[in-house]
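Notes for the one structure printed next.
Positions are given from 1, in the same order as the sequence printed here. These numbers come from the heavy atoms of this one structure, side chains and all, not from hydrogens, waters or symmetry mates. Note that the structure is a prediction, hence the values are computed from the model and not measured. Each ligand, and each atom within it, is numbered from 1 in the order the structure gives.
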Amino acid sequence: MQRTGQGETVQGEEPTADNLYDYLLAPAARTPDKAAVVEADESGTLTDISYRQLAALAEQYTQTLELLGLEVGERIVVEAPSCAAAVALLLACSKLGLAFVPVSAQMPDNRLMTILTSLDAALYARAHGPGRPELPWAGGTARFALSGLSIDKAPARPTRRRRNVLALDTAYIIFTSGSSGRPKGVVMSHRAIVTFLRAVIADQLVSQCDRIASTSPLQFDFALFGIGLALGSGATLVPVPRTCLDSPRRMVTFLRKARVTQVHGVPSLWRPLLRHDAQLLKQLDQVRSVIFAGESFPLAELRRLQQMLPGTRLVNGYGATESMAASFTEVPDPLPAHQRTLSIGHAHRGAEMILVDSAGRAVTRPGVIAEIYLRSPALFSGYWNDPAATAQVLVPDPLQARHGHTVLRTGDLACLDERGELHFVGRADAQVQIRGHRVELGEVESVLAQHPAIASAAATLVPRGGEHVLMAGIVLKDITAPFDEPAALAHCARHLPAYMTPRRIRPLADLPLTENGKADRARLARLVTTAA
Ligand SMILES: Nc1ncnc2c1ncn2[C@@H]1O[C@H](COS(=O)(=O)NC(=O)C[C@H](N)c2ccccc2)[C@@H](O)[C@H]1O
């Protein structure tokens with residue numbers, strides 16, 4: 001449907017431009033009464049929001065936002081859990097060409113202020129609930145819920161010049177902490193995200209009968225992936241309330257009650273279940289597939305998960321926010337006993353991952369570690385207001401420089417196996433040099449996790465007397481058992497060269513995690529240092 005510029009649409013015609021609103025609400029025409037999003041309230045009561053109801057809520061939000069006369073490209077910062085109202089606000093922003101910038105209620109005030117200020121956001125909209133009384137934000141503010149969107153303070157903005165929303169316009173911006181620590185805004189256009197979703201849905205990752213449980217906070221694009229996969233395929237999104245994630249029993253009870261068939265989550269989502277209540281996993285007989293992403297799934301834990309979910313397809317979703325993702329690879333069932341690394345396979349339809357060495361040459365021989373470059377039509381537009389950082393990662397295609405293509409330099413290291421599939425090795429910047437040797441922290445962690453008494457492990461470097469020493473934190477399978485550090489160190493010495501053996505190994509109650517549920521090596525370094 002062609003937009004007249006006033007935001008109206010001429011009914012009947014297929015949308016010409018890629019737009020996330022048109023793409024995600026297409027099922028509303030075919031199956032209006034089908035559940036689009038399952039809402040859980042505090043008491044745990046589940047309510048279905050149909051595609052028709054979601055479209056109506058999005059329309060209601062659109063009308064309220066339209067009165068503000070915001071120009072295409074203005075930024076709306078949205079503080080909410082993954083829920084129907086947040087999805088409706090994402091749709092309303094997409095329809096008006098406003099950039100949806102999700103943040104979580106757990107984000108510290110100063111980081112939120114940094115994001116609001118660097119974006120010069122037009123509006124800071126938060127889902128109903130306890131606010132942030134001390135937030136010194138002088139811009140536009142709003143609150144929203146299933147009942148509607150109310151503007152508390154209108155932004156002072158020049159009126160909209162009324163132009164169409166283009167496929168190149170920004171659909172959303174995700175802030176990642178980035179290894180440098182300074183938050184970078186990953187700007188994704190409508191064309192990038194719709195192209196990506198069309199490709200992965202064409203790769204049969206989901207069927208429209210699926211009920212997809214999403215467990216990541218909205219500020220993590222794994223949550224947006226769940227929204228896109230569910231609605232783009234006409235399936236049903238089931239956001240899992242944070243309160244259900246802290247207890248294995250509550251999580252399993254929720255997944256069963258919501259009749260979930262596909263579960264999305266980072267590897268650490270499964271750790272408490274695997275450690276304390278693995279038997280509960282047998283109750284998830286309706287779960288047909290699990291998609292994990294964000295970091296390598298420790299193989300010992302992955303094997304255990306596979307045993308407890310017989311017949312369930314486990315999919316390794318690899319990629320970066322700068323392209324949403326790159327590949328989805330089914331874990332072989334059973335995972336061969338000798339396998340030490342996980343395959344990240346081949347890129348999704350329409351994209352290609354290539355290995356490039358430090359001299360800019362393609363690596364095609366198996367077993368050679370080199371950097372992954374991603375060729376794809378679904379790449380991000382750039383980092384918000386940071387052309388220098390953008391130029392570091394959106395680089396000329398090293399294998400076809402003259403064509404003018406730009407490719408994504410992922411900063412990830414991988415190597416090819418005999419079948420031409422890529423295996424993830426680690427982050428180039430997590431590669432550490434110890435006494436002149438290159439050390440893969442991931443390799444130290446996987447050796448530690450093979451120790452019979454150790455459930456999971458994380459390694460990091462801590463400054464010590466002018467140099468950096470390798471330290472490790474571990475979680476015991478039996479936290480009541482005394483930890484035999486010399487035995488664990490001897491285990492490492494048997495499997496690793498001396499320079500890769502940790503100086504100390506510290507037992508911890510849990511491995512520290514980032515807000516997105518990944519191993520937090522910076523926090524680990526502080527923990528193991530103080531414990532020393
Ligand atoms: N399956 C992996 N094995 C091993 N290292 C990994 C893996 N998935 C990421 N990573 C790492 O995480 C980095 C990207 O981090 S990120 O930008 O925060 N994005 C994510 O973690 C999630 C990603 N956008 C995504 C969203 C939705 C579906 C799949 C993937 C990658 O460059 C890898 O280093």
Would you mind listing which atoms of ligand 1 come within a distance below 4.0 Å of any non-hydrogen atom of [X]?
X: Asp221; result: 22 (C), 23 (C), 24 (N), 26 (C)
X: Met324; result: 23 (C), 24 (N), 25 (C), 26 (C), 30 (C)
X: Ala325; result: 28 (C), 29 (C), 30 (C)

| message | Quick check: Phe292 with Phe328 (ring centres under 6.0 Å apart)? | response |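 Aromatic pair excluded; centres sit 6.0 Å or further apart.
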At what distance is the nearest protein heavy atom to [atom], and which residue and atom is it?
atom: atom 10 (N) of ligand 1; value: Gly294 O, 3.2 Å
atom: atom 4 (C) of ligand 1; value: Ser296 N, 3.3 Å
atom: atom 14 (C) of ligand 1; value: Gly319 O, 3.4 Å
atom: atom 34 (O) of ligand 1; value: Asp412 OD1, 2.7 Å
atom: atom 16 (S) of ligand 1; value: Thr321 OG1, 3.6 Å

Go through the side-chain N and O atoms of [X] and [Y] and say whether any donor and acceptor fall under 3.5 Å apart.
X: Ser104; Y: Gln219; value: yes
X: Asp417; Y: His423; value: yes
X: Thr329; Y: Asn316; value: no

[X] to ligand 1, any heavy atom closer than 4.0 Å:
X: Phe220; answer: yes
X: Asn316; answer: yes
X: Lys518; answer: yes

Does [X], backbone or side chain, put an N or O under 3.5 Å from an N or O of ligand 1?
X: Phe328; answer: no
X: Thr410; answer: no
X: Ala293; answer: no
X: Ile344; answer: no
X: Glu322; answer: no

| query | When you look for heavy atoms under 4.0 Å from ligand 1, do you find them on the side chain of Arg427, its backbone, both, or neither? | reply |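 Near ligand 1, Arg427 shows its side chain, while the N, CA, C and O stay back.
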| ligand 1-proximal atoms of Tyr318, by part, heavy-atom distance under 4.0 Å |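 Both parts.
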Inspect the contact between [Y] and [X] and indicate whether a charged nitrogen and a carboxylate oxygen are less than 4.0 angstrom apart.
X: Arg191; Y: Asp18; answer: no
X: Arg521; Y: Glu445; answer: yes
X: Glu352; Y: Arg375; answer: yes
X: Arg313; Y: Asp333; answer: no
X: Asp510; Y: Arg271; answer: no
X: Arg526; Y: Asp520; answer: no

| field | Expected output: side-chain Thr410 to main-chain Asp412 donor-acceptor under 3.5 Å | value |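 Such a contact is found between Thr410 side chain and Asp412 backbone.
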